[in-house]
Amino acid sequence: MEKKNIDWGSIGFGYIPTDYRYVANFKDGKWDEGELTTDPNVVLNECACVFQYAQTVFEGMKAYTTEDGHIVTFRPDLNAERLANSARRLEMPVFPEDRFVDAVVKTIKANEAYVPPYGSGATLYVRPYMFGSNPVIGVKPADEYQFRILTTPVGPYFKGGAKPITIRVTDFDRAAPHGTGHIKAGLNYAMSLHAIMDAHRQGYDENMYLDSATRTKVEETGGANFIFVTKDGTVVTPKSNSILPSITRRSLIYVAEHYLGLKVEEREVYLDEVKDFAECGLCGTAAVISPVGKIVDHDKEIYFPSGMEEMGPTTKKLYETLTGIQMGRIEAPEGWIKVIE
Ligand SMILES: Cc1ncc(COP(=O)(O)O)c(C=O)c1O
């Protein structure tokens with residue numbers, strides 16, 4: 001299969017349309033067959049529930065070209081499960097988890113020419129999503145839904161690639177209503193847009209959100225979970241019911257324990273103890289593991305000993321092992337890699 005003529009090394013994290021997308025519709029209480037289409041446009045009634053009440057959920061995952069030239073995706077069953085949980089929380093019908101995985105595979109395969117080659121630094125981002133599509137004016141869920149999957153080739157999420165970033169502790173909350181932070185729903189991200197732009201205007205790459213009840217515990221950032229490393233090499237990651245259960249973080253915990261023999265603590269992390277960590281990173285499908293060099297908490301600055309030039313040593317080992325598994329250089333745990341072809 002001939003690849004598209006794209007300068008893979010120079011693309012950022014933006015939308016580049018590909019040839020095919022997947023569409024399935026829910027009507028009269030059931031999902032239709034679903035199909036691939038070339039039409040990137042969605043035409044909806046002006047009163048569609050998604051426009052009025054933001055009834056929309058989504059997922060984010062990637063397709064990679066491995067060292068030996070296969071196209072693979074990483075733990076799609078976990079994205080299927082998380083989308084189902086998000087849908088239930090917004091009173092939407094679940095798109096069956098096995099059909100989700102099949103549809104993802106089909107969509108990636110149809111867009112094979114857009115899966116960046118091994119070693120290019122780019123990947124194919126896969127965005128499954130679902131929204132309430134029929135007109136609704138009283139506050140209630142829609143009766144009809146559309147599930148779609150779009151794909152777009154992407155480069156690094158943060159400008160500057162692997163250089164450590166600077167984040168600030170923000171006074172805003174990430175999630176919209178309490179208790180929705182653990183799902184991937186449009187409303188949570190709409191509510192984070194102002195905080196993100198405000199952080200950028202003030203010269204920061206991202207926000208560190210705190211728990212909204214006590215404002216003393218570390219939650220996550222706008223699009224990634226936190227990983228910290230203590231001075232004696234223990235990996236620490238915040239435990240909270242209101243952060244998105246990151247698939248990357250769950251995978252890194254396993255990698256740290258089973259591949260690197262590190263001790264891992266998943267526990268509440270207080271803002272007060274952040275200054276004592278040796279390393280800090282953001283983890284997620286888009287961020288992979290992005291090192292954090294500095295955190296600004298209002299008038300206090302925290303610099304991690306790993307500095308502003310490079311990833312810390314433990315972060316680097318985690319990064320190399322995880323990406324090694326995803327790109328087929330390191331043997332994956334059973335069931336983590338779904339081969340597309
Ligand atoms: C708010 C938030 N937290 C964490 C993550 C990381 O999750 P994952 O590793 O499953 O991509 C994301 C990524 O989409 C996110 O949007």
Side-chain angles (χ1 to χ4, degrees), residues 13 15 56-64 73-86 89 97 100-101 104 123-130 149-152 154 156-158 165 167 170 172-196 199 205-212 217-228 235 237-256 266 269 280-290 292 315 318-319 321-323 325-326 336 338:
F13 204 91
Y15 171 67
T56 177
V57 294
F58 66 102
E59 268 305 320
M61 52 208 292
K62 281 176 171 174
Y64 310 84
T73 188
F74 185 69
R75 310 189 78 180
D77 50 319
L78 298 187
N79 295 96
E81 183 186 39
R82 194 170 60 187
L83 188 76
N85 290 336
S86 298
R89 182 62 177 77
E97 294 180 33
F100 174 101
V101 174
V104 163
T123 52
L124 187 74
Y125 187 72
V126 180
R127 166 58 59 89
Y129 59 110
M130 201 169 109
I149 305 173
L150 70 83
T151 59
T152 181
V154 293
Y157 191 67
F158 291 106
I165 58 169
I167 63 180
T170 181
F172 293 109
D173 290 325
R174 183 186 78 83
H178 290 293
T180 56
H182 60 288
I183 62 169
K184 231 167 144 55
L187 79 171
N188 287 333
Y189 292 80
M191 292 304 286
S192 76
L193 298 177
H194 176 63
I196 289 179
D205 296 297
E206 254 291 6
N207 291 297
M208 170 187 275
Y209 293 98
L210 301 177
D211 75 294
S212 47
K217 288 176 270 185
V218 175
E219 296 250 287
E220 60 175 334
T221 66
N225 283 179
F226 277 105
I227 291 264
F228 298 99
V235 175
T237 178
K239 190 182 176 75
S240 160
N241 288 332
S242 52
I243 64 176
L244 194 77
S246 159
I247 294 164
T248 314
R249 181 182 54 137
R250 285 181 262 167
S251 305
L252 285 170
I253 289 176
Y254 187 90
V255 162
E266 194 181 353
V269 174
C280 173
L282 303 185
C283 68
T285 298
V288 192
I289 309 179
S290 301
V292 175
T315 308
L318 287 167
Y319 176 87
T321 313
L322 180 70
T323 53
I325 289 170
Q326 290 167 333
W336 279 24
K338 176 96 188 157

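When a ligand or atom number is given, it counts from 1 through the structure's own listing order.
A donor-acceptor pair under 3.5 Å links the side-chain atoms of T237 to the main chain of F226, judged by distance alone. Looking at N225, its side chain never comes within 3.5 Å of a backbone N or O of G284 through a donor-acceptor pair. A distance-only check finds a donor-acceptor pair linking the side chain of R249 to the backbone of P238 [under 3.5 Å]. R89 places no side-chain N or O within 3.5 Å of a backbone atom of T180 that could act as its donor or acceptor partner.
A heavy-atom separation below 4.0 Å is not found between M61 and ligand 1. R82 counts as a contact of ligand 1, since one of its heavy atoms falls under 4.0 Å from the ligand. The closest approach between any non-hydrogen atom of G222 and ligand 1 is below 4.0 Å.
For ligand 1, the polar-atom distance check finds no N/O of A286 at less than 3.5 Å from any of the ligand's N/O atoms. Between T285 and ligand 1, at least one pair of N/O atoms sits closer than 3.5 Å. In terms of polar-atom proximity, defined here as any N/O pair under 3.5 Å, R174 makes no such contact with ligand 1. Every N/O-N/O distance between R249 and ligand 1 stays at or above 3.5 Å.
Atom OH of Y129 has more than 12 neighbouring heavy atoms from other residues, nucleotides or ligands inside a 6.0 Å radius. Annotation: K338, atom NZ; neighbour count of heavy atoms from other residues, nucleotides and ligands within 6.0 Å does not exceed 12.
Less than 4.0 angstrom separates some heavy atom of E220 from each of these atoms of ligand 1: 1 (C), 2 (C), 3 (N), 4 (C). Of all the atoms in ligand 1, the ones that sit under 4.0 Å from a non-hydrogen atom of Y189 are 1 (C), 2 (C), 15 (C), 16 (O). In the vicinity of G284, heavy-atom distances shorter than 4.0 Å reach the ligand 1 atoms 6 (C), 9 (O), 11 (O). Close approach of ligand 1 to N225 is summarised as follows: ligand atoms under 4.0 Å from at least one heavy atom of the residue are 3 (N), 4 (C).
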Query raised in the report: Given the rule in the side-chain contact (heavy atoms from CB on, under 4.5 Å) test, do I149 and M61 qualify, once you have shown the distances and angles that lead to the verdict?
Result: CA-CA 11 Å; I149 305 173; M61 52 208 292; over 6 Å; no

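The single protein non-hydrogen atom nearest to atom 14 (O) of ligand 1 is K184 NZ, 2.5 Å, given as residue, atom name and distance. The shortest contact between atom 5 (C) of ligand 1 and any protein heavy atom is with G223 O, 3.5 Å.
For the salt bridge (Lys or Arg N to Asp or Glu O under 4.0 Å) with E59, the lone residue among R75, R82, R127, K184 that qualifies is R82.
Of all heavy-atom pairs spanning T123 and A63, the tightest one is CB-O, 3.6 Å. The two residues F74 and N79 come nearest to each other via the heavy atoms O-OD1, 4.1 Å.
With S246, S251, A287, C283 as candidates, the residue nearest to atom 7 (O) of ligand 1 on a non-hydrogen basis is S246. Between atom 10 (O) of ligand 1 and the options L244, I247, L252, V288, the minimum heavy-atom separation is to I247.
In A224, the part holding a heavy atom less than 4.0 Å from any atom of ligand 1 is the backbone.
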